[in-house]
Amino acid sequence: MDEPPDLKRRSFLLGKFAAAPQPDEPSFAVIGQACFALRGIACMSCRDACPTGAVRFELAVGGARPRIMTDTCTGCGDCTQSCPADAIRLSASEAAS
Ligand code: SF4
Ligand code: SF4
C-alpha cells in the first residue's frame with residue numbers, strides 16, 4: 001500500500017509535491033568511433049535503415065562519414081539494430097561515447 005502524502009506545509013514549501021524529475025529519455029542516435037565509415041570502410045546500413053532520413057553522409061577525405069540530423073531523428077533505434085559495428089547508441093545528448 002502506498003504511503004499517504006506528507007501534507008505538512010514544510011514539505012509543500014520544499015517542493016516535495018512537485019513531480020519527481022525523470023531520467024533523461026533517449027532522444028536521438030549518436031554515432032561513436034567504432035563506426036566502420038569513420039575508419040574508411042564503406043558502410044551505410046544506418047542510413048538505409050532510418051525511416052526518417054535522419055542519417056546523412058557527408059563527403060570527407062577517406063570516405064563519406066555519417067551524421068545524425070537531430071531535428072529529424074525520432075530516436076526509434078532502427079539504426080542501432082542495423083549497425084554491424086554496434087557503433088550507434090541512443091542518447092539525450094549529442095556527445096559521442
Ligand atoms: S534512431 Fe531512428 S530516426 Fe534516429 S537516426 Fe536512427 S533510425 Fe533514424
Ligand atoms: S551502420 Fe554503423 S558502421 Fe555503418 S555507417 Fe552507420 S554507424 Fe557506421
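Values below: all heavy atoms of this structure, side chains included; hydrogens, waters and symmetry mates excluded. Just follow the structure's listing: the first ligand is 1, and inside any ligand the first atom is 1.
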Report task. Using 2.8 Å as the cut-off, note every protein N, O or S atom close to atom 8 (Fe) of ligand 2. Result -> C35 SG
Query raised in the report: So, are R65 and E58 salt-bridged, with charged N and O less than 4.0 Å apart?
Result: no
Query raised in the report: For ligand 1, which atoms sit closer than 4.0 Å to a heavy atom of C79?
Result: 1 (S), 5 (S), 6 (Fe), 7 (S)
Report task. Say whether F57 and I68 are linked into one hydrophobic cluster, either directly or through other cluster members, by side-chain heavy-atom distances under 4.5 angstrom. Result -> yes
Report summary line: Closest non-hydrogen atoms of A34 and R39, given as atom of the first, atom of the second and distance, are CA-NH2, 3.6 Å
Query raised in the report: What closest approach, in Å, do A37 and A64 show between heavy atoms, and which atom pair accounts for it?
Result: CB-O, 3.6 Å
**Report entry** Any side-chain heavy-atom pair of S27 and S91 under 4.5 Å
**Finding:** no
Requested in this report: Number the atoms of ligand 1 from 1 as they appear, then name those within less than 4.0 Å of a heavy atom of G75, with their elements.
Outcome: 1 (S), 4 (Fe)
Query raised in the report: With a 4.5 Å heavy-atom cut-off, do L90 and T80 have their side chains touching?
Result: yes
Query - Side-chain heavy atoms of S45 within contact of C83, under 4.5 Å - result: no
Query raised in the report: Can you tell me if P51 has a non-hydrogen atom under 4.0 Å from ligand 1?
Result: yes
**Report entry** Per-atom contacts of ligand 1 with C73, taking only distances under 4.0 Å to non-hydrogen atoms
**Finding:** 1 (S), 3 (S), 4 (Fe), 5 (S)
Report task. For side chain to side chain contact (heavy atoms under 4.5 Å, CB included), just list the numbers for L38 and Q33, CA-CA rounded to whole Å, side-chain angles, deciding distance to a tenth of an Å, and then say yes or no. Result -> CA-CA 7 Å; L38 297 181; Q33 293 303 310; 4.3 Å; yes
Query raised in the report: What are the atoms of ligand 1, with element, lying closer than 4.0 Å to any heavy atom of D78?
Result: 7 (S)
Requested in this report: Could you check D48 against S82 for side chain to side chain contact (heavy atoms under 4.5 Å, CB included), going step by step and ending with a plain yes or no?
Outcome: CA-CA 9 Å; D48 295 343; S82 73; over 6 Å; no
Report task. Please write down residue, atom name and distance for the protein heavy atom closest to atom 8 (Fe) of ligand 1. Result -> C50 SG, 2.3 Å
Report summary line: Among non-hydrogen protein atoms, atom 2 (Fe) of ligand 1 lies closest to C76 SG, 2.3 Å
Report summary line: Sorted by chain and residue number, the side chain to side chain contact (heavy atoms under 4.5 Å, CB included) partners of A54 (sequence neighbours excluded) come out as C50, T52, T72, C73
Query - F28 backbone acceptor or donor facing T70 side chain under 3.5 Å - result: no
Query raised in the report: At a 4.0 Å threshold, what atoms of ligand 2 neighbour a non-hydrogen atom of F57?
Result: 5 (S)
Query raised in the report: Which of the numbered atoms in ligand 1 are below 4.0 angstrom from a heavy atom of V55?
Result: 5 (S)
Query - Location of contacts on T74 toward ligand 1, heavy atoms closer than 4.0 Å - result: both
Report summary line: atom 1 (S) of ligand 1: closest protein heavy atom, distance to 0.1 Å, is G77 N, 3.2 Å
Query - Numbering as shown, the atoms of ligand 1 that approach T52 to under 4.0 Å (heavy-atom distance) - result: 3 (S)
**Report entry** Heavy-atom side-chain proximity of V30 to I88 below 4.5 angstrom
**Finding:** no
